[in-house]
2 protein chains.
Amino acid sequence: MEQNVIDASGLLAISTRLQRLSDQIRKDGLLIYKAFGIDFQPKWFPVLYTLYKKSTMSVVSLSEEIGYAHPSTISLLKELEKEKLIRSKKDKVDTRKRLVELTAQGKTLLSTMEPVWEVIIKATAEITNTENNLMKAINEVEASLQEKSFLQRAEVYIKK
Amino acid sequence: MEQNVIDASGLLAISTRLQRLSDQIRKDGLLIYKAFGIDFQPKWFPVLYTLYKKSTMSVVSLSEEIGYAHPSTISLLKELEKEKLIRSKKDKVDTRKRLVELTAQGKTLLSTMEPVWEVIIKATAEITNTENNLMKAINEVEASLQEKSFLQRAEVYIKK
DNA sequence: CAAATATATGTAGTTAACTACATATATTGC
DNA sequence: GCAATATATGTAGTTAACTACATATATTTG
């Protein structure tokens, strides 16, 4: 029983622990970029790297690609525009759309970052390649929730 | 290379994905409590359950126990005080300390919640007991960071 | 035993995501 | 081809954690 209750508490504590974990990694990431003399915030990575790969995207498609709600993307884009790392233009076919792309400065920055990614990748691998791989665990949990939500699973037990 | 860069992106995306994950579980948790006719917010669990176990605690020791920064605990305690689920009194020995405990109403609520925990525990087990167990993965990553931080690990590669 | 240090609590402000709502433009279907 | 619906973007406000700072009290040490 004791263990069970701790698990119930543990479930709710996952959020906090992982937030703290990623927060710490993000801060360390910032320091690594600094060590390479690069003025860059880790939270910019998903947007910039996606634009690096795909050259031009609308706000919503970019949001879907990186898995953020669109207002989050908009606020990141605002910062990046201020930094002159991206620019945007109207889509001539569908005028609702705003097409976003890297500036020359943005592209230059991204290319100077590649060696840093190598370092980050190696350090990440060291940390997460434990017996229960964190990345894989997240994927698996997301997949099981996709299949049947937490609530749906709970309902089965409630009905009993 | 492609895979590596996706990993670098993935690392930074962990934060978001897990936040969303826990957010969803928390919302479903709220609905489960509702299904049982219990007016309860999942985020209250760690504080209330700890007080249920330990009866009386100071703000800082409670924060340590649940793994939150103390201002977060204080703000939860404010809500719980408003709900009349907890009350506090001064420690007569060390007057800096505020001792927090459940009210009778709080204790009653907690005892009605036990059957709900059973359900939550079962649903959680279904979801997280995959090949790579999420809870265990988190523990392992926290342990490897404890041993050597992300930054320290990265520094080894930078120096090369 | 007084000064320096440590600990406990509290407040204010930040962060990085979110949801809800508003508006403009495009697409669909009768 | 117009009305209803869907999609794209944007703004405002929320959430739940955080850090930094302030103050009061306790403990330690020279």
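Any value given below was found using the heavy atoms of this structure, including those in side chains, with hydrogens, waters and symmetry copies removed. Protein chains get the first letters and strands the later ones, always in sequence-line order, with residue 1 at the start of each.
For B:Ile74, taking side-chain heavy atoms from C-beta onward, the closest of the listed nucleotides C:dA8, C:dT11, D:dA8 is C:dT11. With D:dC18, D:dA8, C:dT9 as the choices, the nucleotide that has an atom nearest any side-chain atom of B:Pro71 turns out to be D:dC18. When the nucleotides D:dA8, C:dT19, C:dT9 are ranked by their closest atom to the side chain of B:Lys27, C:dT19 comes out on top. Which of D:dC18, D:dT9, C:dA16 sits closest to the side chain of B:Ala69 comes down to D:dC18.
The shortest non-hydrogen separation linking A:Ser111 to A:Thr108 is OG-O, 2.8 Å.
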Self-check item: Derivation and outcome, side chain to side chain contact (heavy atoms under 4.5 Å, CB included), residues A:Asp91 and A:Ser58
Solution: CA-CA 8 Å; A:Asp91 183 325; A:Ser58 73; over 6 Å; no
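Contact annotation: A:Lys78 side-chain N/O to D:dT11 OP1/OP2 distance is under 4.0 Å. Phosphate contact (OP1/OP2 of C:dC18, side-chain N/O of A:Tyr68, threshold under 4.0 Å): absent. Not one side-chain nitrogen or oxygen of A:Ser72 sits closer than 4.0 Å to the OP1 or OP2 atom of C:dA16. Contact between the side-chain N/O atoms of A:Ser75 and the OP1/OP2 oxygens of C:dA17 is not found at any separation under 4.0 Å. The side chain of B:Arg96 contributes no N or O atom lying less than 4.0 Å from OP1 or OP2 of C:dG10.
Using a 4.0 Å cut-off between charged nitrogen and carboxylate oxygen, B:Arg98 and B:Glu81 count as a salt-bridge pair. Using a cut-off of 4.0 Å between Lys/Arg side-chain N and Asp/Glu carboxylate O, A:Lys148 and B:Glu126 are scored as not salt-bridged.
Positionally, the nearest nucleotide of DNA chain C for B:Asp94 lies more toward the 5' end than for the other of A:Asp91 and B:Asp94. Taking for each of B:His70 and A:Lys92 the nucleotide of DNA chain C with the nearest heavy atom, the 5'-most of the two is the partner of B:His70.
Going from atom CZ of B:Phe45 over to atom P of D:dA17 covers 14 Å, rounded to whole Å. The interatomic distance linking B:Arg98 (CZ) with C:dT7 (P) rounds to 21 Å, in whole Å. Atom CG of A:Leu99 is separated from atom P of C:dT25 by 16 Å (rounded to the nearest Å). Rounded to whole Å, atom C1' of D:dA17 lies 17 Å from atom CH2 of B:Trp44. Taking atom CD on A:Glu81 and atom P on D:dT9, their separation rounds to 13 Å, with Å as the unit. A straight line from CG of A:Leu77 to C1' of D:dT9 spans 11 Å, rounded to a whole angstrom. Here the P atom of nucleotide C:dA16 and the CG atom of A:Leu30 are 10 Å apart, to the nearest Å. Regarding A:Lys97, its NZ atom lies at a distance of 18 Å from the C1' atom of C:dT23, rounded to whole Å.
Heavy atoms from other residues, nucleotides or ligands lying under 6.0 Å from NZ of B:Lys84 number 12 at most.
Note: A:Tyr49 and A:Phe45 have parallel aromatic rings, judged against thresholds of 30 and 60 degrees for the angle between ring planes.
Across all strands shown, D:dC18 forms a Watson-Crick or G-U wobble pair, both distances under 3.5 Å, with C:dG13.
Backbone-only engagement by B:Thr95 is indicated by non-hydrogen atom pairs under 4.0 Å involving sugar-phosphate atoms exclusively.
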